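Remarks on the structure that follows.
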Amino acid sequence: MTPELPSQPPYTLRARLLTPIGESDMSWLDDAAISVDADGRLAEIGPSPWGSETPVNVSDVRPWVILPGLVDLHAHLPQLPN
């Protein structure tokens, strides 16, 4: 079953969180809280402060895993006017 996702900010997600750190390390939170403010910016990320109960205003998307946006910043010369 697909969890109900918020349609617009502000909102808070409860999920698993995998964050790459540098070239060879990562941070894993099995139960994280990710808050997005009214402007759509990340406001707070950290361990979930809730126990077994999820507040009504929080979307619990576990067991989904949240990953940061993975951006490929390289370009090939044939793709650029030169």
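Everything numeric here is computed off the predicted structure, so don't read it as measured data. Residues: numbered from 1 along the sequence shown.
For Asp37, the salt bridge (charged side-chain N to carboxylate O under 4.0 Å, His left out) criterion is met by no residue, not counting sequence neighbours. With sequence neighbours excluded, the residues satisfying side-chain contact (heavy atoms from CB on, under 4.5 Å) with Pro10 are Ala38. The side chain to side chain donor-acceptor pair (under 3.5 Å) check on Thr54 picks up Arg14, Asp60, with sequence neighbours excluded. Taking the side-chain contact (heavy atoms from CB on, under 4.5 Å) definition, one finds that Pro47 meets it with Leu29, sequence neighbours left out. For the side-chain contact (heavy atoms from CB on, under 4.5 Å) test, residues two or more places apart in sequence or in another chain that qualify with Pro20 are Pro68.
Note that the CG atom of Asp31 and the CZ atom of Arg62 stand 4.5 Å from one another [nearest 0.5 Å]. Rounding to the nearest 0.5 Å places OG1 of Thr12 at 5.5 Å from CH2 of Trp50. A distance of 8.5 Å separates CG of Leu42 from CD1 of Ile34, quoted to the nearest 0.5 Å.
Looking at Glu4 and Ser59, their side chains never come closer than 4.5 Å, going by heavy atoms from C-beta outward.
Note on Val36 and Ile45: same hydrophobic cluster, where clusters join Ile, Leu, Val, Met, Phe, Trp and Tyr whose side-chain heavy atoms are under 4.5 Å apart, directly or indirectly. Both Leu67 and Met26 are assigned to one and the same hydrophobic cluster, defined by single-linkage of ILVMFWY side chains at heavy-atom distances under 4.5 Å. In the hydrophobic clustering of this structure, Leu18 does not group with Ile66; members are Ile, Leu, Val, Met, Phe, Trp, Tyr whose side-chain heavy atoms approach within less than 4.5 Å, directly or through other members. Cluster membership for Val65 and Leu17, using ILVMFWY side-chain heavy atoms within less than 4.5 angstrom, is not shared.
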For a side-chain contact (heavy atoms from CB on, under 4.5 Å) check, start with the C-alpha distance between Arg16 and Asp30, then their side-chain angles and the critical distance, and finish with the verdict. CA-CA 5 Å; Arg16 294 175 173 174; Asp30 198 46; 3.2 Å; yes
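Contacts classified as salt bridge (Lys or Arg N to Asp or Glu O under 4.0 Å) and involving residues 19-28 (residues at least two apart or in different chains) are not found.
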